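This report concerns only the one structure given below.
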Amino acid sequence: MSQNANITKILNGTIQSVKNVLPMSVTVSSPSLFKEKVIKSKMSVLIGMTGDVKGRIVIDANPTTFSSIGQSMYGMELEGEMLESFTGELGNMIAGNLATNASQNELLMDITPPTILVGEAKLSGFSQAILVPVSVSPSESLDIILMLENQ
């Protein structure tokens, strides 16, 4: 199978995973190439992908957005270390759902444990990246960045 077909499966699987995991109505905007080398938000979670498609998934949002998602999932506000822990777990849930989706689409994929990024982070070691903007409420959104390595 072509690399482009695999990337399309991962992209579609990522969108489906976000819709499966987040307990609110989400609006996914059109994916675009991500040309930045720096993530400038206050909080992100990074999860590695291995197997047929190699790279990383970064879920990037403001802490208030992650806290709102946590509130809608667990009914309580999260902050500090609890918010960081939840952000990692949210990344795990989305990436784990993606790995399941990938296997259903005949792709071999495994994920690494989440890494929480607090503050600006410089990213390297990928050949292309795709940005998927996701609105979770009229005033809150998160970005999913699929960073893909040359296969």
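Just so you know, these numbers come straight off a predicted model, no measurement behind them.
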Is there a side chain to side chain contact (heavy atoms under 4.5 Å, CB included) between Ile69 and Met24? Walk through the geometry before answering. CA-CA 8 Å; Ile69 293 168; Met24 66 257 300; 4.0 Å; yes
Are Phe66 and Met82 linked, directly or through other ILVMFWY residues, by side chains that come within less than 4.5 angstrom of each other?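 Result: yes, single cluster for both.
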Going through the distances and angles, do Leu22 and Leu90 end up as a side chain to side chain contact (heavy atoms under 4.5 Å, CB included)? CA-CA 9 Å; Leu22 296 182; Leu90 180 67; 3.9 Å; yes
Under the ring-ring contact (aromatic ring centres under 6.0 Å, His included) test, residues paired with Phe126 that sit two or more places apart: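 Partners of Phe126 by the ring-ring contact (aromatic ring centres under 6.0 Å, His included) criterion come out as none, since no residue qualifies.
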Please evaluate residues Glu149 and Arg56 with respect to the criterion salt bridge (charged side-chain N to carboxylate O under 4.0 Å, His left out), reporting the C-alpha separation (whole Å), side-chain torsions for both, the decisive distance (0.1 Å), and the verdict. CA-CA 8 Å; Glu149 297 173 13; Arg56 287 164 291 293; 3.0 Å; yes
To the nearest 0.5 angstrom, please state how far the [atom1] atom of [X] sits from the [atom2] atom of [Y].
X: Lys9; Y: Met109; atom1: NZ; atom2: CE; result: 13.5 Å
X: Thr65; Y: Ile59; atom1: OG1; atom2: CD1; result: 12.5 Å
X: Asp110; Y: Thr50; atom1: CG; atom2: OG1; result: 4.5 Å
X: Thr64; Y: Leu78; atom1: OG1; atom2: CG; result: 12.5 Å
X: Ile144; Y: Leu11; atom1: CD1; atom2: CG; result: 9.5 Å
X: Phe86; Y: Glu79; atom1: CZ; atom2: CD; result: 14.0 Å

Heavy-atom check, side chain of [X] versus side chain of [Y], under 4.5 Å:
X: Glu84; Y: Val45; value: no
X: Asn6; Y: Thr8; value: no
X: Leu98; Y: Ile94; value: no
X: Met49; Y: Thr112; value: no
X: Met93; Y: Met73; value: yes

Minimum heavy-atom separation for [X] and [Y], please, with both atom names.
X: Pro23; Y: Ser72; result: CG-OG, 3.5 Å
X: Ser44; Y: Asp60; result: OG-OD1, 2.8 Å
X: Ile111; Y: Asn92; result: CD1-OD1, 4.0 Å

Side chains of [Y] and [X]: any donor to acceptor distance under 3.5 Å?
X: Ser68; Y: Glu140; result: yes
X: Asn101; Y: Asn105; result: yes
X: Asn20; Y: Gln16; result: yes

I'd like to check the side chain to side chain contact (heavy atoms under 4.5 Å, CB included) partners of Ser135; sequence neighbours left out, ordered by chain and number.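 Listed in chain order: Thr27, Ser141.
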So Met43 and Leu83, side chain to side chain contact (heavy atoms under 4.5 Å, CB included) or not? Walk me through it. CA-CA 10 Å; Met43 188 177 284; Leu83 180 59; 4.3 Å; yes
Among Ile57, Leu142, Val18, Val28, side chain to side chain contact (heavy atoms under 4.5 Å, CB included) partner for Val132: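 Running side chain to side chain contact (heavy atoms under 4.5 Å, CB included) over Ile57, Leu142, Val18, Val28 with Val132 returns exactly one hit, Val28.
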Give a yes or no on this: more than 12 heavy atoms of other residues, nucleotides or ligands lie within 6.0 Å of atom CD of Glu89.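 Counting neighbours around CD of Glu89, more than 12 heavy atoms of other residues, nucleotides or ligands fall under 6.0 Å, so yes.
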Taking Ser127 for the side chain and Leu148 for the main chain, is one N or O donor matched with an acceptor at less than 3.5 Å?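 Yes; at least one donor-acceptor contact below 3.5 Å.
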Report yes or no: does Ser85 contribute a side-chain atom to a donor-acceptor pair with the main-chain N or O of Glu81 at less than 3.5 Å?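 Side chain of Ser85 to backbone of Glu81, a donor-acceptor pair under 3.5 Å: no, none is there.
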Checking side chain to side chain contact (heavy atoms under 4.5 Å, CB included) for the pair Ile130/Ile7: CA distance, chi angles, key distance, verdict? CA-CA 10 Å; Ile130 301 167; Ile7 291 169; 3.8 Å; yes
